2 protein chains.
Amino acid sequence: MEQNTRQKLIDATYEEVYSHGYQGAALADILANAGVHKGSMYHFFPNKKEMALSAIKEKIAERFGTRYLAIAKGEGDYLAHFFEGLRDLKQRDFRRGCPVANIVQEMSNIDEDFNMAMKEIYAKFRQSVKIIFDKAVSAGELRSCDTAKLALFTTSALEGAILAAKASGETQDYLDCVECLISYIESYKHG
Amino acid sequence: MEQNTRQKLIDATYEEVYSHGYQGAALADILANAGVHKGSMYHFFPNKKEMALSAIKEKIAERFGTRYLAIAKGEGDYLAHFFEGLRDLKQRDFRRGCPVANIVQEMSNIDEDFNMAMKEIYAKFRQSVKIIFDKAVSAGELRSCDTAKLALFTTSALEGAILAAKASGETQDYLDCVECLISYIESYKHG
DNA sequence: GATGGTGTTGACTGTTTGGTCAAGTGGCAT
DNA sequence: ATGCCACTTGACCAAACAGTCAACACCATC
């Protein structure tokens, strides 16, 4: 049962932090949702902060890794698949926003450990998008260009688009932003 | 002294919330920084939340109003002035990020009153950028286009750029994003 | 069947939190 | 000088918080 209890804690912590932020996450709620008692939790984690950091790293790293690297590992049509993913609303929860952005905003300037963790995750996000663009250049879908910069702009515009939809409550705002972003990326088409 | 005490509270609350988020803002710290006693604060505000909402509305509304509407009220060179403002690093605090985005991320899905307040501020931001673009169209700096959509993309890409710099700690990331954004906007020039 | 390690239980603690309140101060009008 | 009212003071409170701990259950292995 070891792995089971630990995993229940990781899952419940991720959900609670995603919904209420780290500072708003109540240990009592996490434990209730996980169905785990307090002392049991302190057997697996030294404190709330380490549990939250573990949850963020394990849940988000896993998610980003699969979503974007799958495209890069595919065969051709890299841009088309990437754009398709951006347009797919089922992958997004606009009410809660982006889990990475939420924690960056809340914690980066407050706590050095969170700062480092989010820096790494965000860098990995940018890197995996860059790989998609590199593949697209190799495949002749894009002309040769500064793909690192393009990935930087793409990821940040995307985070901004999710934020806009969270602020206004309008999913359409996200879609409009994504169309602008796509048309910008497409201006790098043809060699 | 009435206005003085109230203003000291508004200023200290804004700083504390900007630095630590709403949920991380300790009433005791706000009071210490303002040099105001607890009972005195409860004479001016019914509770912490209302004080924070007042601080956000008064401090941010004032700030956005002046910064962007000044450009629209100017004479010509609307785009150039707007771009100049985007490139001006002195106006930004990348460690703490954007005060609007921070609170949207933290509170929009938690509290309905914050949600409404931030929705309004964000809409005002978009509106004031749209006015700049409308002026630019009238002045022949841009061709006729959907300025509301362009303002939406511009504001959200900008928020994303500030977030990217906050995450990485690199001011250059913000500048790179802004250059991409500007080149996108410039694709609407002429015609 | 004793031993020991892994995991569980829930009562308990000390602090910090936002919020209350009765008593007091100072200036202004009458 | 008296009464009034906006404002101040700081002690006080209940609730919520993260974290501690001694006792206990289970299941190996010897």
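Lettering follows sequence order; numbering is per chain, from 1. A quick note: this is a predicted structure, and the numbers were derived from the prediction, not measured. What you see below is based on every heavy atom in this structure, not just the backbone, and it leaves out hydrogens, waters and symmetry mates.
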Q: Just the rounded figure in Å: distance from C1' of dT17(C) to NE2 of His20(B).
A: 16 Å

Q: Rounded off to whole Å, could you give me the CE-to-C1' distance for the Met41(A) and dT20(D) pair?
A: 12 Å

Q: Within 45° of the six-membered ring axis of Tyr22(B) and under 6.0 Å from that ring's centre, is NZ or CZ of Lys48(B) located there?
A: yes

Q: So which protein N/O to nucleotides 10-13 of chain C N/O distances come out below 3.5 Å?
A:
| unit_1 | atom_1 | unit_2 | atom_2 | d |
| --- | --- | --- | --- | --- |
| dG10(C) | OP2 | His37(A) | ND1 | 3.0 |
| dG10(C) | OP2 | His37(A) | NE2 | 2.9 |
| dG10(C) | O6 | Gly39(A) | N | 3.1 |

Q: Answer yes or no: does a side-chain N or O of Thr5(B) lie under 4.0 Å from OP1 or OP2 of dT8(D)?
A: yes

Q: With a 6.0 Å cut-off (strictly less than), is the heavy-atom count around CD of Glu186(A), excluding the residue itself, greater than 12?
A: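 Atom CD in Glu186(A) is packed in, count exceeds 12.
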
Q: Taking the nucleotide of DNA chain D with the closest heavy atom to each, which residue, Ala26(A) or Val36(B), is nearer the 5' end?
A: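 Taking each residue's closest nucleotide, the earlier one in sequence belongs to Val36(B).
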
Q: Figure out the OH/P separation between Tyr42(A) and dA23(D), and round it to whole Å.
A: 21 Å

Q: In terms of ring plane angle, is the pair Phe133(A) and Phe82(A) parallel, tilted or perpendicular, where the classes change at 30° and 60°?
A: perpendicular

Q: Given atom CD of Gln23(B) and atom P of dG18(C), what is their separation to the nearest angstrom?
A: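 The distance from CD of Gln23(B) to P of dG18(C) comes to 11 Å, rounded to the nearest Å.
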
Q: Measure up the Tyr18(A) and Tyr14(A) rings against each other and bin them: parallel (under 30°), tilted (30 to 60°), perpendicular (over 60°).
A: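 Tilted, since the angle between the ring planes falls between 30° and 60°.
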
Q: In whole Å, what is the span from the CZ atom of Phe45(A) to the C1' atom of dG7(C)?
A: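 About 14 Å, once rounded to whole Å.
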
Q: Are OP1 or OP2 of dT8(D) and a side-chain N or O of His43(B) less than 4.0 angstrom apart?
A: no

Q: Nearest whole angstrom, please: distance from the C1' of dC7(D) to the CZ of Arg6(B).
A: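 Spelled out: CZ on Arg6(B) to C1' on dC7(D) is 15 Å.
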
Q: Find the distance Lys48(A):NZ to dG19(D):P and express it as a whole number of Å.
A: 8 Å

Q: What is the separation between atom CG on Asn47(A) and atom P on dA18(D), rounded to the nearest whole Å?
A: 11 Å

Q: Ring centroid separation for Tyr184(A) and Phe153(A), is it under 6.0 angstrom?
A: yes

Q: Counting heavy atoms not belonging to Glu75(A), are there more than 12 under 6.0 Å from its CD?
A: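 No, because the 6.0 Å sphere around CD of Glu75(A) holds 12 heavy atoms or fewer from other groups.
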
Q: Under a 4.0 Å threshold between the charged nitrogen and the carboxylate oxygen, would Asp173(B) count as salt-bridged to Arg126(A)?
A: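 Salt bridge flag = yes for Asp173(B) with Arg126(A).
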
